[in-house]
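This is a predicted model, so every value here is computed, not measured. All ligand and atom numbering here is 1-based and tracks the order in the structure.
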Amino acid sequence: MRRKIVAGNWKMNGSKDLVKRLVGSISEQSGSGGVEVVIVPPAIYLSEVAEFAGGEVATGLQNVSQWQAGAYTGEISAGMARDMGCAYILVGHSERRQLFGETDGVAAEKVKQVLASGLTAMLCVGETLEEREAGEAVSVVAAQVRKGLASVSGDQWRRVVVAYEPVWAIGTGKTATAADAQAMHLEIRNVLAGMKAPANEVSVLYGGSVKADNAPALFAEPDIDGGLIGGASLKAEEFISICRAFPADA
Ligand code: PEP
């Protein structure tokens, strides 16, 4: 059975005060129905988040170095993330790809580092609006999955999560319809199967303007195993509702 996961990516938002206000109530109220709740704050707040979470929610890193250790000023290694108690690391978020020039090759190196450190890699993939309008969405996403996860083999697949995040839906208030998201998730699962992954055991999350009101329809789809949440993860009530949006029998 694959995991149901809701991860909140705070991006470059937050403060000690926000951690105090948000994390306690999230950790008290979000956990139910076998959902793994993950908070992904700016790295500098990781210990603060872990302290207020009291072990009830997992933590993650928004980005990681493609190198193991050494003279890479400003970078954080996957081993350091493990040392700080992180369980997950995002790789290839569209903001990393678009604003920092992260290529599929770099994403693949980062996935290798995450897996070598024993953590779970959450590879983010998704097409731009232009690519969707040109009818290229499936081929773009399939290529990102194949290239980003090219080195993964055997038992490592258990520590891989894919987050489908159409770029045009991130932070825009536009969400893919549940049917469109489901169709892409199925394509992703087919790509994974073609890579000899245990495709039915890899969690595939949806991200892009997920809110309390659209999460139930998305999470009811058979191939959507949860969400990667940006803006709505900064509001405790909204995020908690999203964590509870899975159908009762899922
Ligand atoms: C994200 O940044 O991964 C994201 C999905 O953001 P938002 O929910 O704000 O669209």
Side-chain angles (χ1 to χ4, degrees), residues 4-14 18 22 26 30 35-43 45 49 57-64 86-102 107 110-111 114 120-129 131-132 137 140-141 144-145 148 160-178 180-182 184-185 188 203-219 221 223-246:
K4 287 183 276 177
I5 301 170
V6 176
N9 171 16
W10 289 11
K11 312 192 185 193
M12 199 172 74
N13 295 298
L18 186 88
L22 214 59
I26 288 173
S30 59
V35 179
E36 167 109 328
V37 179
V38 189
I39 295 182
V40 190
Y45 295 122
V49 168
V57 301
T59 56
L61 206 59
Q62 297 177 11
N63 179 38
V64 73
C86 282
Y88 292 86
I89 301 187
L90 305 189
V91 175
H93 188 280
S94 68
E95 286 150 19
R96 300 299 315 171
R97 293 177 190 263
Q98 294 202 314
L99 303 174
F100 301 94
E102 192 160 309
K110 292 183 175 188
V111 167
V114 176
T120 296
M122 199 176 275
L123 179 72
C124 304
V125 297
E127 80 286 357
T128 62
L129 187 58
E131 289 163 341
R132 175 155 284 259
V140 165
V141 168
Q144 289 173 339
V145 172
V160 169
V161 171
V162 178
Y164 168 56
E165 302 202 297
V167 178
W168 47 269
I170 295 182
T172 59
K174 292 182 195 156
T175 318
T177 64
D180 282 351
Q182 161 60 23
M184 186 63 89
H185 282 227
I188 290 171
S203 297
V204 183
L205 313 185
Y206 172 79
S209 297
V210 177
K211 305 269 185 295
D213 60 1
N214 57 25
L218 289 160
F219 295 177
E221 293 292 340
D223 287 290
I224 300 182
D225 304 310
L228 178 54
I229 320 299
S233 70
L234 294 164
K235 298 173 196 150
E237 272 183 32
E238 185 89 12
F239 187 65
I240 290 162
S241 299
I242 294 169
C243 294
R244 292 177 172 167
F246 292 87

In terms of relative ring orientation, are Tyr164 and His185 parallel, tilted or perpendicular, with 30° and 60° separating the classes? perpendicular
Quick one, list the residues around ligand 1 where some non-hydrogen atom comes in under 4.0 Å, by chain and residue number.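 Around ligand 1, where the cutoff is 4.0 Å for heavy atoms, the contacting residues are Asn9, Lys11, His93, Glu165, Ala169, Ile170, Gly171, Gly207, Gly208, Ser209, Leu228, Ile229, Gly230, Gly231.
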Name the one of Val91, Ile5, Val111 that satisfies side-chain contact (heavy atoms from CB on, under 4.5 Å) with Met122? Ile5
Counting C-beta onward and ignoring hydrogens, is there a side-chain heavy-atom pair between [X] and [Y] closer than 4.5 Å?
X      : Y      : value
Glu95  : Lys11  : yes
Leu90  : Leu228 : yes
Lys174 : Ser209 : no

Of all residues at least two apart in sequence or in a different chain, which pass the side-chain hydrogen bond (donor to acceptor under 3.5 Å, both in side chains) check with Asp223?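 Testing Asp223 for side-chain hydrogen bond (donor to acceptor under 3.5 Å, both in side chains), a comparison that skips the adjacent residues, returns Gln182, Arg189.
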